[in-house]
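The chains referred to below are lettered A, B, ... by the order of the sequence lines, with proteins before strands, and numbering in each begins at 1.
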Amino acid sequence: MSSGIENHTPVSLRGLSADDPHLQPAARNPERVEKVIVFNFVLGTLFGFLFIVAYIQNWQPWILGGAMAGCLTLLGIGLIAWGKYLMPRGPFVEDRHEFRNSDEDRSAFAAAIVQRGGGLVKRRKLLTGLFAGGMGVFSLGAVFPLLRSLGPLPKGTLFHTDWRKDSYAVDITGRRVLVGDLAVGSIVTVFPEGQQDTENGQAVDQTVLIRVSNQDFTTMKGRETWGPQGLLAYSKLCTHLGCPVGLYEQQLQLLVCPCHQSMFNVNNGAVPQFGPAPRPLPQLPIYIDADGYVRAQSDYREPVGPGFWERA
Amino acid sequence: MTDVIETKRSKKLAKGPFGAVGHALNELDDRLGTAKGGRTFLDKIFPDHWSFMLGEIALYSFVILLVTGIFLALYYIPSTAIVTYRGTYLPLYGQKVTEAYASSVNLSFAVRGGLLMRQMHHWACDIFVGAIVVHMARVFFTGAFRKPRELNWTIGTTLLTLAIVNGFLGYSLPDDLVSGTGIRIAYSIILSIPVVGSYIGFWVFGGNFPGTMVIPRFFVLHEFLVPLLILGLVGAHLALLVRQKHTQFPGPGKTEENVVGTPMFPVFMAKTTGFLLVVGGVTALLGAFAQINPIWQFGQYHAANISYAVQPDWYMGFLDGALRIWPSWTFHSFGHTIVFNILVPSVILPGIVFGIAYAWPAVERKLTGDNEIHHLLDRPSDRAFRTSAGVALLSFLMMLFIASSTDVIANFFHISLDTVLWTMRILVVVVPLIAFPFTYKICKEMQNFKGAGKRKTTNVVSRTSEGEYVSTASPRYVDDIPAHLAPIPVPRFINDVEAPEEDADGSGTRVVER
């Protein structure tokens, strides 16, 4: 405590004598600190043994992890204490050196690049141009195997689904949906028959079938025949980011997207009533055939899912 | 041939005063000339301030990510081929799942130590990104990014970007319901890019979403390409640090021309190795006791299924929040759609945020006209504008982060979603606007506060026999220098400040009068 100030003036490590106070441990009572560190190391090692035993015995993961945590943390704390209290206490200092080189060195370097290199380029414009052109052509060519081969072009893919005229609506198990299967207020996810277990069918064709009444139901003008016996079919892909619109709020007649809480009003053409979705869910025109099966009149009349550049 | 008897001792002596180690070092120096540089490296000085530890947390959680990640990669199968799950987790038994999902569940339950490794990997990732952000804030608010360290700031910002990207890629790999929803959203975000969006989307996914290519491709990116980039940039980050040496806070004996602290060998090496172990220990503790991403509960991803309260990892929160509160504006014209409702919050907004981060050193140099070399750090309050700007940006991101839980907040507090949404929309704008002047004012007050930032000795309050209370400054710390650190009176009002009293007798004690 007494002669502290001089000893805490930073010194350079170079040329320090072995008995310099800066090289002494920082702890006032090194023996006691050593005991604490010994305790840490021993206990940490015991945890290490526990880790091995837990692994061999295939004990619960939390015992394995707890043992690992105990081992690493205790060994780590011991090592930190060793470094902090029993190693040279310092403080030490080192000098910085300016990065800037002398003006001559700088101009020599710049000259080497600008004069030596620049001269080459200027004097041989034809060669420079030809070489650059050749490399450019190669780079363009290399783009094709590197990028173009990654996947097909979108073309019309984003505009269509697998729903066709007269497609049967089937549930996830592939069973054709009958109009009588749905009571008023119930909902089922349907796919065009044959697509219920394909990647594309799951991702693109997914459609919710909701029964809102027993009468033919018109959601908006021009869709007079789309809701036979109160059955409405909407694309299940949220027009915001394409999450499945998986929640049906029966009382309010809302379809809710759990991702970002867009809400679509089932009764008036799934117009977004709340949230970040910009467009109504596309409605699938359906009819009920003579046997009572739910079938599509055609594909969706507009692209399903979120917006993209090519979409009109 | 020779008369000298070779004993163990004589052999040892022949190797010189430093024995076998010295001998090996000399052999190395003969070939590579390592002696001088090696000595300089061992003598490298590390400042003692605690805030320099934040970057170490990032570095060491990256080490943990590499180790646990290699373990996981040995068992994970990056394939979307459909198999029947016949593992040990009964609720899933017999279900048709992808190999990616089945192997993720298997490495959690069937591989000994697998669940621990998976949870540690996930936790280490969250810690990694968090430590980078906090480390970056330290560098920003203390001005450590200033000349000559702009390049290292740029590398660090790139590392943050890569860490977030790789976190998302890794989150996607188990092919569970939640991660699949995340990929779906990412695909829609790519689609929103004008002109080339659908092409990029089809090339990344090998066709329309989801296809069968995305898992194997994300795997190659996640465990090879991006880690390689991170590793290389971390190397460059540290190489620049060694070359340019550490910054340091101003203080006794600390100047622009030196670095004060502890040497690389042995002190810092012991402390930092210990710290690596502690970071590993804490991660193991989290991995052991705090469940994270229980994919067996979410189930296999099916594009037509969805779960309620789907939240991404925390570092994606600001994007998710922005997507929630941004209004549904899109633009249709000339047969094309510009999907502003996605483009703005998820492409343009992060572009601006990271753009600000990249550009800040150059912008500040331009604004202040300060083109000098700086090795001594700023106190944040001395740079009121920079500090306020940083606080405003962070508060903006924090509000977006909170906005990513609108549904959970509405549910928890039983208020309408509409109220929460509009509250967040307002707060996202208002909070940064308030935070800026507020921080600015605090900084200015602190600048006016004479002696602010200097360590003050504590006062000892004692009662005399007459019952009077006397406050006496306690003895100063051993490493304090009187001229710098004289105790100062605490002002009663914030602007009512006097110059520190001279410490007349040099004893460091002083009766405070009232």
Side-chain angles (χ1 to χ4, degrees), chain A residues 1 4 8-10 13 55 58 61-62 64-66 68-69 72-73 75-77 79-80 82-84 87-88 90-96 99 147 150-154 157-158 189 199 202-203 206 236 241-244 246 258-261 272 274 276-278 306-312, chain B residues 43 45 112-113 115-116 181 184-185 188 191 194-195 197-199 202-203 205-210 245 253 257-263 266-267 270-271 273-275 277-278 280-281 284-285 287-289 302-304 306 308 310 323-324 326 328 330 335-337 339 341 375 407 417 478-479:
Chain A
M1 185 108 249
H8 281 76
T9 311
L13 267 169
Y55 182 85
N58 199 10
W62 67 266
L64 197 65
M68 185 195 265
L72 292 178
T73 311
L75 291 181
I77 289 174
L79 199 54
I80 293 172
W82 187 358
K84 192 169 164 63
M87 288 187 186
F92 300 102
V93 65
E94 74 174 335
D95 290 333
R96 288 181 199 281
F99 296 121
L147 279 183
L150 286 176
L153 294 180
T157 317
L158 292 171
T189 301
E199 295 274 0
Q202 292 254 329
Q206 49 175 308
K236 201 181 175 185
L241 285 165
C243 292
C259 284
H260 302 96
Q261 292 79 48
F274 178 86
F308 51 97
W309 168 255
E310 291 89 346
R311 194 181 198 284
Chain B
D43 286 357
I45 297 295
R112 217 172 269 201
L115 181 61
L116 179 67
T181 309
R184 168 73 235 196
I185 292 173
S188 303
L191 279 191
V195 187
S198 55
Y199 292 86
F202 270 60
W203 291 346
F205 285 73
N208 198 8
F209 176 85
K245 299 199 167 83
E257 280 81 38
N258 69 10
V259 195
V260 175
T262 47
V267 187
K271 281 159 92 173
T273 310
F275 193 58
L277 297 179
V278 170
L285 202 66
F289 292 102
H302 291 289
I306 188 77
Y308 164 73
V310 196
L323 280 167
R324 284 175 189 225
W326 186 257
S328 58
T330 51
H336 289 290
T337 301
V339 196
N341 65 321
H375 297 299
D407 54 338
L417 200 53
V478 281
D479 53 347

Report task. List the atom of B:S328, the atom of A:P278, and the distance in Å for their closest heavy-atom pair. Result -> O-CB, 3.4 Å
**Report entry** Options B:N258, B:T181, B:L277, B:T337, ranked by heavy-atom pairs under 4.5 Å with chain A, top entry
**Finding:** B:T337
Query raised in the report: Can you tell which of B:V278, B:L116, B:V259, B:L191 has the highest number of heavy-atom pairs within less than 4.5 Å of chain A?
Result: B:V259
Query raised in the report: A:Q261, A:M87, A:K84: which one forms the most heavy-atom pairs within less than 4.5 Å of chain B?
Result: A:Q261
Query raised in the report: Given a strict heavy-atom distance threshold of 4.5 Å, which part of A:F92 is in contact with chain B: side chain, backbone, both, or neither?
Result: both
Report summary line: Of the listed A:G83, A:G246, A:P244, the one with the largest count of heavy-atom pairs under 4.5 Å with chain B is A:P244
Requested in this report: Please name the pair of heavy atoms, one in A:T73 and one in B:G281, separated by the smallest distance, quoted to 0.1 Å.
Outcome: OG1-CA, 3.3 Å
Query - Residue part contacting chain A, namely of B:D43, when any heavy atom lies under 4.5 Å - result: both
Report task. Return the minimal non-hydrogen interatomic distance between A:D95 and B:K245, and the atom names on each side. Result -> O-NZ, 3.6 Å
Requested in this report: Counting only heavy atoms closer than 4.5 Å, note whether A:A277 contacts chain B via side chain, backbone, both or neither.
Outcome: backbone
Query raised in the report: Among B:G207, B:G287, B:G113, B:P210, which has the most heavy-atom pairs under 4.5 Å with chain A?
Result: B:P210
**Report entry** Proximal component of B:F289, with respect to chain A [non-hydrogen, under 4.5 Å]
**Finding:** side chain
Query raised in the report: Of all heavy-atom pairs between B:L115 and A:P61, which one has the smallest distance, and what is that distance?
Result: CD2-CG, 4.0 Å
Requested in this report: Run the numbers on A:T189 and A:Q206 for side chain to side chain donor-acceptor pair (under 3.5 Å), then give the verdict.
Outcome: CA-CA 7 Å; A:T189 301; A:Q206 49 175 308; over 6 Å; no
Query raised in the report: Of all heavy-atom pairs between A:L72 and B:G280, which one has the smallest distance, and what is that distance?
Result: CD1-C, 3.7 Å
Query - Residue part contacting chain A, namely of B:L417, when any heavy atom lies under 4.5 Å - result: both
Requested in this report: Could you please spell out the steps behind the side-chain contact (heavy atoms from CB on, under 4.5 Å) verdict for A:V93 and B:I45?
Outcome: CA-CA 7 Å; A:V93 65; B:I45 297 295; 6.0 Å; no
